[in-house]
Amino acid sequence: MERRTVLKIVALTALSRKLNALPGTAMNHMQTAPLPTATYTLQFFTEEESRLLDQLMEMIIPVDDHSPGAHEAQTNLFADLMVAGSSESVKKQWRDGIQHIREEAKGSSLAEVLQRAATNEENPKTDLDRFFVSLKQMTVNGYYTSATGIHKEMEYVGNTYLAAFPECTHPEHQQG
């Protein structure tokens, strides 16, 4: 299954309760069934790799005044699921990328390594730069398809009736 297809399924699953996207009886069943409480079992990354990814991803989308960060959204587990279902070349890219981050961090901190890699984000030149692009993309995809990203960051509340459409409050988009 392609990654984009999986992302669509994940996003629709997260939104389906609010959108009533599933047909009648399936939706009724979902509304009454309790959510599963089982813990996720890593499929590709080791525990140590998953913890490292959690740290890195939290640096990319940290907690702020508005919403929780990548850690609460469990983007490292999203990455594990996505990479586990990927080709061998993608799996190798992630293993090599994590190893490269570890090696680079021996002489500095993880934050410094990410900062260096991010400087060439628009035009990645090294393996570290290219891995950063993949890491950031995975973090953003995982965050914004999670309940944390959808409900706490974007404040999505589902289909709601609006008597009037509220005006834009961003001055840069105001018509003058």
Side-chain angles (χ1 to χ4, degrees), residues 1-16 39-156 168-173:
M1 185 177 297
E2 288 188 38
R3 185 173 63 84
R4 287 178 187 233
T5 304
V6 172
L7 286 174
K8 287 177 186 175
I9 291 169
V10 169
L12 285 174
T13 301
L15 294 174
S16 63
T39 58
Y40 179 80
T41 302
L42 293 173
Q43 298 176 37
F44 177 73
F45 296 118
T46 66
E47 287 289 333
E48 190 273 329
E49 289 170 331
S50 184
R51 279 191 301 276
L52 177 61
L53 282 176
D54 187 42
Q55 288 178 294
L56 295 168
M57 292 172 152
E58 181 69 16
M59 288 180 208
I60 293 170
I61 302 180
V63 173
D64 62 19
D65 294 341
H66 178 70
S67 60
H71 171 75
E72 183 174 313
Q74 298 180 322
T75 55
N76 60 318
L77 302 183
F78 174 82
D80 180 71
L81 181 65
M82 294 295 104
V83 174
S86 297
S87 68
E88 291 304 315
S89 65
V90 170
K91 290 176 181 178
K92 181 177 176 2
Q93 176 191 18
W94 278 85
R95 288 263 191 245
D96 293 348
I98 289 171
Q99 184 59 37
H100 201 72
I101 292 272
R102 279 189 196 127
E103 289 169 10
E104 290 287 323
K106 286 180 184 176
S108 62
S109 70
L110 286 177
E112 290 171 337
V113 172
L114 280 185
Q115 183 66 36
R116 276 197 313 270
T119 58
N120 295 319
E121 181 179 1
E122 296 298 319
N123 187 19
K125 294 174 175 52
T126 67
D127 289 339
L128 179 63
D129 297 346
R130 286 185 283 282
F131 180 68
F132 174 77
V133 171
S134 297
L135 176 66
K136 183 176 178 184
Q137 182 178 18
M138 184 71 75
T139 304
V140 169
N141 288 343
Y143 186 77
Y144 287 104
T145 56
S146 72
T148 299
I150 292 168
H151 299 292
K152 293 181 180 178
E153 169 71 24
M154 295 189 297
E155 299 177 5
Y156 179 77
C168 177
T169 58
H170 296 274
E172 67 273 14
H173 296 122

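- Considering CG of Leu81 and CG of Asn76, their distance stands at 11.5 Å, rounded to 0.5 Å.
- In this view, Glu121 and Lys136 satisfy the salt bridge (charged side-chain N to carboxylate O under 4.0 Å, His left out) rule, not counting sequence neighbours.
- The only option from Leu56, Thr75, Val140 that meets the side chain to side chain contact (heavy atoms under 4.5 Å, CB included) definition with Leu135 turns out to be Leu56.
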(message) Please evaluate residues Trp94 and Met138 with respect to the criterion side-chain contact (heavy atoms from CB on, under 4.5 Å), reporting the C-alpha separation (whole Å), side-chain torsions for both, the decisive distance (0.1 Å), and the verdict.
(response) CA-CA 11 Å; Trp94 278 85; Met138 184 71 75; 3.8 Å; yes
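- The closest donor-acceptor contact from the side chain of Glu58 to the backbone of Val63 lies under 3.5 Å.
- Atom CZ of residue Phe131 and atom CD of residue Gln99 lie 11.0 Å apart, to the nearest 0.5 angstrom.
- A search for side chain to side chain donor-acceptor pair (under 3.5 Å) contacts involving His71 returns Asp54, not counting sequence neighbours.
- In this structure, the side-chain contact (heavy atoms from CB on, under 4.5 Å) partners of Lys91, at least two apart in sequence or on a different chain, are Phe44, Val83, Glu88.
- Scored by the salt bridge (charged side-chain N to carboxylate O under 4.0 Å, His left out) test, Glu172 finds no partners at all (sequence neighbours excluded).
- To the nearest 0.5 angstrom, Ile101 atom CD1 is 11.5 Å from Asp127 atom CG.
- Note: Arg130 CZ to Gln93 CD = 9.5 Å, rounded to the nearest 0.5 Å.
- In this view, Ser89 and Ser87 satisfy the side chain to side chain donor-acceptor pair (under 3.5 Å) rule, not counting sequence neighbours.
- Annotation: side-chain contact (heavy atoms from CB on, under 4.5 Å) contacts of Lys125 (sequence neighbours excluded): Asn120, Asn123, Asp129.
- With sequence neighbours excluded, the residues forming a salt bridge (charged side-chain N to carboxylate O under 4.0 Å, His left out) with Glu49 are Arg95, listed by chain and number.
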(request) Could you check Tyr143 against Ser67 for side-chain contact (heavy atoms from CB on, under 4.5 Å), going step by step and ending with a plain yes or no? (result) CA-CA 11 Å; Tyr143 186 77; Ser67 60; 3.3 Å; yes
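- Residues satisfying the salt bridge (charged side-chain N to carboxylate O under 4.0 Å, His left out) criterion with Glu48, sequence neighbours excluded, are Arg102.
- Note that CD1 of Ile60 is 12.0 Å distant from CD of Gln55, once rounded to the nearest 0.5 Å.
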What donor-acceptor contacts under 3.5 angstrom involve side-chain atoms of residues 110-117, with partners at least two apart or in another chain?
unit_1 : atom_1 : unit_2 : atom_2 : d
Glu112 : OE1    : Ser109 : N      : 3.1
Arg116 : NH2    : Glu104 : OE1    : 2.9

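- Remark: Ala118 engages Phe132 in a side-chain contact (heavy atoms from CB on, under 4.5 Å) (not counting sequence neighbours).
- Here Ile98 contributes atom CD1 and Phe45 contributes atom CZ; the two are 4.5 Å apart, rounded to the nearest 0.5 Å.
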